[in-house]
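Structure record follows, encoded as structure tokens.
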Amino acid sequence: MKNIFLKSILTILAFTFIVGCQDKLEELYQDPDGFSKEQADKTGGVSVIAGFFTSQLTRGFFLRGEYGAAYHQMRSGSRITGTGIQLYYCTDGYGLSYTLRDVEHDWGTNGFNNTVFNKLNNEWLTAVLWGQREYNLIPEADRTNLDNLYMNLLHALKAYAYQRATDLYDKVPYIETGTAGGLDGIKTKYYGQEEVYPVIIEELKNIEQFIADLELSDDEQASFNNQDVIFGGDLLQWRKYLNSLRLRCAMNVSEQTPAVTQTVISELNGKPLFDQYDDVAGLADIAIVEPSRLQRELGITRAFRERADECRAPKRFLDDLMNCKPVEKIAIINGESLPYFDGDNSETGLEDGTVDPRVAYIFSKSIKGDYLGTTHTWDKIDDPDSYFSKIMRGYYINDPIMTDPAITVFKYTYNNGDEIEIKLNDAAANDITLRDAFLLKAMRERCAQYSDINWTIGTDHNMVAEYNIRPQYNFDLRYPTLHAVETELSLAEAAVRGFGTLNGSAREHYKNAIELSCKYWYNLHDHTYSKQSIPSFPSNCAESRVNDRPKKEYDAATYAENAALAFDAMTDQEKVKAIFMQLQAHYNFFNFETVYTSARRLIKYLDDNPAGPYEVFQWKERMTYPGGIQASDPENWAIISPDNDPDKPVWLTGRTTKWKNILE
């Protein structure tokens, strides 16, 4: 497997650097003076700067996933974007009240609200600064092609780190490119998005041009191939990544500086961009994490296992975006019309191109065999005709218990032979007209309280559709910190909003994004992991779910053309919202930050929030800083403390007023 090969490369590199001593490798990354360029040349011709470059690529939660951050993104990120449904916060079936809750403290002390900030100031910049100091010590005449290449790429990775951090916090401790910051005794200053973005946009431009002009010898290329664990030494892929990252940055500032956005898009004309389904800037956990510890302890799949309660599938993706529509029927019981859902249109729609193929790639069916998700808005039982109620009513509406007074126990048999029983109370047993209300409440509670799956993802007892564990538990998955689908959607939005047209129309880019996403998610099913492999699927997953592969690769081009026809008929605002939802559906649990930033910056243009925040949680405009800064750095705390407010929009949104949901 490709990432096993990458892991082997890293192992070889470690031995190259340290002549067989792991402790020495750690010293290299902690003390650049402990391993000089001269020593590196003597132990294999690999420079210390090359070591810093490879180290930077493998940092936790940088270009790969990480358990802790993924856990918080799923747990709390879903509550403000509706990526997955935590049903107990969307219905009264669990007994929770319809009251506003504080998502800020829900993220937890030292939780995700601090994660990116702490990573930036430790893991994400440390190797860059050590590499910079080493590079600065080399006389300019003695710097090799590879020294210059690695340092330029470290600068690019530094720009990426700042893009992520400033998106979430606005003001961040910025270190000027070319300096080693605190390693040279330079005190860090805080700068905001307005100052940081122009710098990184220009730097990415210059670095891409440097690589475009670079010629490596065969020996230099071979050495770079070994060090580059992301793109395997492919300079064209680096150019595509840098240009696509620059495009992301340009779109992020489009509300505030549309002229910059227009300039970047114009300058990208003729430049290579991510445009293939396997164009991914990311590293798989398995490339560097011990396989036996991956699923159990350190990988992103642990987050999926532990946060099973947010893996209910969203209606806003399945129904609203992907055209998987429920089949609604009405049963006349005791003279009353009772609506219910009797399956969906997926069987024929996947075949004829009217239903998005990703329905079968990203999600798993319910025990009834349909792809019906649940809503992110509050669903009350006093609305017996709600979306959720019609799903639940489909379980019992045609059972004899609804028409035979002698039957007082409802039995439902799962597809694996297990059976549940619900006994009517005395009132419903004696009055057949009360049975719908009784069974509806009982079934809603069963699903909302997760009694169907016992808080476990990957069983075959789920009463509503869930995310499919098979692609999510693909340990070879390169965490998509940036993907071609995002690039295509950025170009589509730019064309719709008049920022410029590049490589085709908005329609063409929208269509391309759907086809690329379909291909990406279909191929994530192509792996050999099982409950017996190392790493493995959790033992409590059902074999039917472990092997829940799509029957075939459906015709993405036909569906994408149908989606493009619908796109043609939309207003500009509707198109931009559709573009956002495609981005969110594609990344889902894999890239919360990008979706979160897009939602916040689009609120102004759309006059509403395109994400799916739960009604019972406050909207959060930014991440707050770690509390320790006040004591450790009072001078900079004075700069950032006025902005340390989750209700204050960040600069790139173009707003000064917080967006509020229905309960705020």
Side-chain angles (χ1 to χ4, degrees), residues 81-85 277 312-329 339-366 368-377 386-388 390-391 394 464-468 471 485 488-489 492 496 506-522 525 548 550-571 573-588 595 610-612:
T81 59
T83 296
I85 303 299
Y277 85 92
R312 306 282 196 183
K315 168 190 176 293
R316 67 194 304 266
F317 291 165
L318 285 168
D319 188 342
D320 302 347
L321 180 69
M322 298 178 173
N323 296 299
C324 184
K325 303 294 183 182
V327 175
E328 184 169 349
K329 295 183 179 180
Y340 67 99
F341 290 150
D342 185 30
D344 60 44
N345 65 334
S346 63
E347 185 172 353
T348 57
L350 289 169
E351 294 291 347
D352 65 19
T354 56
V355 169
D356 194 321
R358 291 171 295 180
V359 166
Y361 304 164
I362 299 177
F363 301 104
S364 284
K365 295 178 179 179
S366 73
K368 287 176 67 225
D370 55 44
Y371 292 106
L372 297 182
T374 53
T375 62
H376 62 284
T377 53
S386 71
Y387 200 91
F388 182 47
K390 284 186 280 193
I391 295 175
V464 293
E466 290 185 337
Y467 278 92
N468 190 335
V485 168
E488 291 288 341
L489 292 173
V496 170
R507 181 193 204 275
E508 291 171 307
H509 290 301
Y510 185 77
K511 181 180 176 181
N512 289 344
I514 293 172
E515 292 190 56
L516 291 173
S517 184
C518 288
K519 187 75 172 179
Y520 173 82
W521 279 98
Y522 176 77
H525 287 263
D548 189 8
K551 290 190 301 184
K552 63 179 182 179
E553 185 172 8
Y554 296 100
D555 184 359
T558 297
Y559 174 76
E561 174 59 25
N562 287 330
L565 288 172
F567 186 79
D568 292 338
M570 297 177 185
T571 66
Q573 281 191 322
E574 290 171 339
K575 287 178 179 178
V576 170
K577 183 176 180 180
I579 289 166
F580 169 83
M581 289 189 66
Q582 291 289 351
L583 179 73
Q584 185 179 19
H586 175 71
Y587 279 142
N588 55 75
V595 174

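FYI, side chains are in, hydrogens and waters are out, and symmetry mates aren't considered; it's all heavy atoms of this structure. Computed from a predicted model, the values in this text were never measured in an experiment.
- A donor-acceptor pair is defined here as one N or O able to donate and one able to accept, closer than 3.5 Å; no such pair exists between the side chain of Gln584 and the backbone of Pro610.
- Between the CZ atom in Phe317 and the CE atom in Met581 there is a gap of 6.0 Å [rounded to 0.5 Å].
- One N or O on the side chain of Asn588 and one on the backbone of Ala585 form a donor-acceptor pair closer than 3.5 Å.
- Side-chain atoms of Pro314 and Thr374, non-hydrogen and from C-beta on, never get closer than 4.5 Å to each other.
- Of the N and O atoms on the side chains of Ser366 and Asp370, at least one donor lies less than 3.5 Å from an acceptor on the other residue.
- When all heavy atoms of Glu347 and Glu351 are compared, the pair lying nearest together is O-CG, 3.4 Å.
- For Glu328, the CD atom counts as densely surrounded, since its 6.0 Å shell holds more than 12 non-hydrogen atoms of other residues, nucleotides or ligands.
- For the atom pair Glu488 CD and Asn512 CG, the distance stands at 4.5 Å (nearest 0.5 Å).
- Asp568 contributes no side-chain N or O that, together with a main-chain N or O of Arg507, makes up a donor-acceptor pair within less than 3.5 Å.
- Two residues are said to be in side-chain contact when any heavy atoms from C-beta on lie closer than 4.5 Å; Tyr510 and Ile579 meet this criterion.
- Smallest separation of non-hydrogen atoms from Val359 and Val355: CG2-CG1, 3.9 Å.
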Problem set entry | Steps toward side chain to side chain contact (heavy atoms under 4.5 Å, CB included) verdict (Lys329, Lys390) | CA-CA 9 Å; Lys329 295 183 179 180; Lys390 284 186 280 193; over 6 Å; no

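- Annotation for Ser517 and Arg358: closest pair OG-NH1, 3.0 Å, computed over non-hydrogen atoms.
- The side chain to side chain contact (heavy atoms under 4.5 Å, CB included) with Ile514 is formed by just one residue from the set Glu561, Gln582, Met322, His586; it is Gln582.
- Using a cutoff of 4.0 Å between basic side-chain nitrogens and carboxylate oxygens, Glu553 and Lys519 are scored as salt-bridged.
- Considering only residues two or more places apart in sequence or on other chains, Tyr467 meets the ring-ring contact (aromatic ring centres under 6.0 Å, His included) condition with Phe363, Phe589.
- Closest of all the heavy-atom pairs between Ala492 and Ala506 is O-CB, 3.5 Å.
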Problem set entry | Residues Asp319, Lys325; criterion side chain to side chain contact (heavy atoms under 4.5 Å, CB included); working and verdict | CA-CA 5 Å; Asp319 188 342; Lys325 303 294 183 182; 2.8 Å; yes

For this session: Show the numbers, then the answer: is there a side chain to side chain contact (heavy atoms under 4.5 Å, CB included) between Phe580 and Leu489?
Result: CA-CA 8 Å; Phe580 169 83; Leu489 292 173; over 6 Å; no

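- Panel note: side chain Asp356, backbone Cys518; no donor-acceptor pair is recorded below 3.5 Å.
- When each of Tyr371, Tyr522, Tyr520 is tested with Tyr361 by the rule ring-ring contact (aromatic ring centres under 6.0 Å, His included), just one qualifies, namely Tyr522.
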Exercise. Where do Ile85 and His376 land on the side chain to side chain contact (heavy atoms under 4.5 Å, CB included) test, with the steps shown first?
Worked result: CA-CA 6 Å; Ile85 303 299; His376 62 284; 3.8 Å; yes

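- Separating the CG atom in Asp555 from the CG atom in Asp352 is a distance of 10.0 Å, to the nearest 0.5 Å.
- Contact record, Leu318 with Ala313: CD1-CB, 3.6 Å, taken as the closest heavy-atom pair.
- In terms of heavy-atom proximity, Ala564 sits nearest to Lys511 at CB-CB, 4.3 Å.
- To the nearest 0.5 angstrom, Asn562 atom CG is 8.0 Å from Tyr559 atom OH.
- From Lys365, atom NZ reaches atom CG of Leu372 across 11.0 Å, with rounding to the nearest 0.5 Å.
- Cation-pi geometry between Lys315 and Tyr387 is met: the NZ or CZ atom falls under 6.0 Å from the ring centre, inside 45° of the normal.
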